[in-house]
Amino acid sequence: MPMPTIVDAPQRATSAGWPVPEERRLVTVLFVDIVGSTALVDRLDPEDVRALQRAYFDTVGGVLRRWHGVVEKYVGDAVMALFGARRSDGFDAYRAVRAALEIQGALDRRPPPGAPRLRVRAGVATGEALVDLAAARDGGHGVASGAVITTAARLQEYAPPGGVALCAVTHRATVGLVEQRRVPPVTLAGKALPLDVWHATGTSRPAPARHEAPLVGRRRELAASRDLVVRAVRDRSPRWLSLVGPTGSGRSRLLHELTRAVRTVGGAPVRWCVAHCLPYPQPLAPVADLVRGLAGLCDGDPPATVRRRLSAALAGLVPPTGLAEAVYALEALLAAPDGSGAAARGAEVAREALLGLAARQPVVVAVDDLDRATAALGHFLHRLFAAATERSLPLVVVALHRPEWADVLPGPRARRHRLAVPPLRPVETGRLLRHLLGRAGRPAATVARLLPLVGGNPGRAAAYVAALGAAQSVPEAVRREVDARLDRLDGACRAVLMAAATVGAEVTAATVARLLDWAPGRAVPVLRALAATGLLATRADGRYAVADTVVREVAYARLPRAARAAFARRAARPAEADAPSVPGGPVGHVPPVPVRAVGSVRVVRLRGWTPTSGRVPEPDQGIGAGGPGRAATSDGTAAGRGVGSVARPGGSARRQERGQRPILALPRGRPVAA
C-alpha cells in the first residue's frame, strides 16, 4: 500500500505567530477504501471510472469536512483523512468515528450514476504523528508521518463491508459515545504483537455518571448553589446560575449533589429537568432529552408508549384543544432534533410545557457542558428564562460550562449568578486520591507521587489512578484535555508556553524573546495574558513559570526534537538583557578559558567576574538550577541536559584575596555552551 511521504523543506519561512512549523501531535487517522474496487473498475469504461471516482470522492469529502476532518490524500480509490492535525478539541477520535459511520449512509443516499451500489470499509487509528502545521489542509500531501497512518490503513482491511474498525486507543476515546463490539485480535504485517480491534456499530448516549466516591471539598459551593435555588423558588424570582470550571473540575458532580440537596422547598416538590450536551450534538438534542425526562421516556420505547406518556405529561400544561397537535410536535422533535421547522415547533411546545409546569410547582432546568451547545439551544434557554421572569415563575436555569466560554445572558444583571468551581486544596485532593487508590486496590503511598500531577482536578485524579501501571506518563484522557486547552490558545501564546516548557524553571520576558527570536518587549504582553489564564504563574521577582506540571510535560512533548535542541541552545546562551547583575564586574556572556578537571566534574573559570565562590559541588549534589538533567542559564533557568550550576559562596581567604572567579561545574565530556 502506498505510504505517505514528507518532503524536507528546511528553508521554508515559518509563521511569525508560531515559529515551529511541525508538532508531534496526537491525531486520529481515518482510512476509507471501496470493497472490491479492482473488479468494479475492470468492468467499467475509463470515463465511467472517472465519473464514479468524482462522485465518490465528493461524497466522502463532504462528510469529512462536516466533521472537521482534513483529507490528507486520495490513493487510488482510498481516502485518508486526519482529525486533530491542526487543532484538537479533545474529541478528534469521536469525530473520526462519526464520519466513518456516516460515509456509507451518504454513499447509499447518493449512488454514483451508472454504477452499482458502493460498499466501503473504514479503519480508524489514534496515535502520535509528526504533523506539518502549514500543510494541514485538504490535499496537503505529506501532512503527517507516523506508525498510526499504517495502522489505520491495515485496520480497514479487517472491517466488514460498510463497517468501521477501531484500534484500542480510539476505542477508549469513544467508549460511551459510540456503540462498539470487540472482535478477535488481528496480526498486522510488521507488528510484533496482535492488535486489539473493535467494530463501531452506531452512536449512543452515555448513561448518567455514577458518583460513588464521597463528595470532597465542595461544601461551600454546594451551600451557595442551594441557597440561590431556594431563594429563587421562595421569592418566585427566576435566576440563572452558571457553574463554571475546567474539564474534570467536578461541575457534574456538584450538579448531582445539588439535585439531591434541593428536593423540596416550603413543602413543594422541586422538579429537576436535566440535560447533557454531547460532543457535536444535533441543534435541539438537549431539548429532546428534557422532554424525555419530563415524560419519563426511555430509549427504545415503542411509538405507542411514547405517545401515551407524552399525552399524560402534557395534560393540564397545554389547552385540551391543542393537546394532539402538541404531542405530534414533540414526537417530531424526539425523532429528529435538528434545525428543521418541525423540530423548532416541538421546542416551542417543550418551552410552554416547562413554563406551565413551573406555574404549578418549582422547576429547575439544568444543562451540563453548555459550551458544546449550538445557538439553537442557547436561544431556547434564553426565551425560557425571559418568559419565566416576565411571569414571575419559580424557575431556575443552571448552566455548566468552561471558564473561557461566555454566554450573553438575558434579563437583569441581578438575576444572573456565576459560581466558580475551584481546584481542590492539596489536603482535599489527597483524601480523594486515597479513596480512589483504595477502591482500585493500589497502595496509598502513591498519593505523594500523584498529588502534584493532579493539580486539584478530580477528573485528573480518577484518570491517573485508572492509568497506574500504563506505559504513558500522561493518561490518554488527560492528554486529550490538555491538547485541546493548548490549541485554544493563539499562535503567540502557544509558542511562549512551549518555549517556557523547554526551560523547565522560571523564565523572564528576555529569555522567552531569545528562545523565539522575538524583538525585545514582544513577549511581555503574551506572558501576562498566559498568567491571566492561569497557565503561567508569576513569581515575586517578575519571572514566570508554567503553573501546571502536566501542561508543561504535554507542551514539551509536542515539540519535535530539532525544536527542543534549538530552544536548549538558545536557553544556554546568556544575554545582557537577562544576565544577573554582579557587583564589581561586567554583565553578559564571557567566553570560557581552558578547563581543569576536579574529580568527576570539570571546572570552568570565567574571566571578568567578581569572585562569588571557590567550592566545587560534589558529584551527588543537584546539578543546575533545575536539578539533574537541566542546565543553569544566566537567568537561573534550566535549559539543556548535563550543564552545571554556578557554585555558591565559599573558598579560602587566600583565594578570595587573589580574586577567585566563580566556577561552573559540568559533567565530564560535555561542551561548554557558547
Side-chain angles (χ1 to χ4, degrees), residues 59-60 62-69 91 94-111 162 164 174 176-179 200-208 273-314 317-318 322-354 365 367-370 372-384:
T59 301
V60 173
V63 174
L64 293 174
R65 284 188 292 273
R66 187 163 62 251
W67 287 101
H68 307 290
F91 296 98
Y94 173 70
R95 289 186 287 112
V97 176
R98 286 295 304 268
L101 290 170
E102 288 187 12
I103 285 174
Q104 184 64 65
L107 290 171
D108 291 342
R109 291 190 299 271
R110 187 188 174 186
V164 183
T174 56
L177 299 173
V178 174
E179 295 177 356
T201 58
T203 59
S204 63
R205 286 203 308 273
C273 302
V274 181
H276 179 76
C277 292
L278 297 178
Y280 297 92
Q282 289 183 282
L284 293 172
V287 180
D289 288 341
L290 292 175
V291 172
R292 290 188 184 92
L294 188 64
L297 295 171
C298 300
D299 291 336
D301 283 341
T305 302
V306 172
R307 190 171 300 112
R308 184 179 69 253
R309 292 186 178 178
L310 286 175
S311 300
L314 293 179
L317 302 181
V318 298
L323 181 60
E325 183 180 355
V327 169
Y328 178 79
L330 290 183
E331 285 180 315
L333 172 66
L334 294 176
D338 50 20
S340 64
R345 172 56 186 157
E348 292 178 4
V349 172
R351 183 177 61 253
E352 291 303 318
L354 289 171
V365 177
V367 180
D368 199 357
D369 290 317
L370 188 58
R372 301 177 187 168
T374 62
L377 178 61
H379 185 63
F380 170 85
L381 293 175
H382 290 173
R383 293 191 61 186
L384 174 69

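This one's a predicted model, so the numbers in the text were calculated from it and none came from an experiment.
Taking each heavy atom of Val318 and Ala326 in turn, the nearest pair found is CG2-CB, 4.5 Å. Of all non-hydrogen atoms in Leu330 and Gly346, the two that sit nearest each other are CD2-O, 3.4 Å. Taking all atoms of both residues into account, the shortest heavy-atom contact from Gln282 to Asp338 is NE2-CB, 4.1 Å. The minimum heavy-atom distance linking Gly162 with Gln104 is given by the pair CA-OE1, 3.4 Å. Between Ala106 and Thr59, the shortest heavy-atom contact is CB-CG2, 3.7 Å. When all heavy atoms of Ala275 and Pro286 are compared, the pair lying nearest together is CB-O, 3.4 Å.
Heavy-atom contacts from other residues, nucleotides or ligands closer than 6.0 Å to OH of Tyr280 number more than 12.
In this structure, the separation between CG on Asp289 and CG on Leu284 is 11.0 Å, given to the nearest 0.5 Å. In this structure, Leu290 CG and Leu381 CG are separated by 7.5 Å, a value rounded to the nearest 0.5 Å. In this structure, Leu64 CG and Ile103 CD1 are separated by 5.0 Å, a value rounded to the nearest 0.5 Å. Note that CG of Leu317 and CG of Leu294 are 7.0 Å apart. Values are rounded to the nearest 0.5 Å. For the atom pair Leu278 CG and Arg372 CZ, the distance stands at 7.5 Å (nearest 0.5 Å). Rounded to the nearest 0.5 angstrom, His382 NE2 and Leu377 CG are separated by 9.0 Å.
Under a 3.5 Å cut-off, the side chain of Arg98 and the backbone N or O of Trp67 do not form any donor-acceptor pair.
Using a 4.5 Å heavy-atom cutoff, the side chains of Val365 and Phe380 are not in contact.
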Query raised in the report: Checking side-chain contact (heavy atoms from CB on, under 4.5 Å) for the pair Leu334/Leu310: CA distance, chi angles, key distance, verdict?
Result: CA-CA 11 Å; Leu334 294 176; Leu310 286 175; 4.2 Å; yes
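The existence of a salt bridge linking Glu348 and Arg351 is excluded, since no basic side-chain nitrogen approaches an acidic carboxylate oxygen closer than 4.0 Å.
Glu102 pairs in a salt bridge (Lys or Arg N to Asp or Glu O under 4.0 Å) with only one of the listed residues (Arg66, Arg65, Arg109), which is Arg66.
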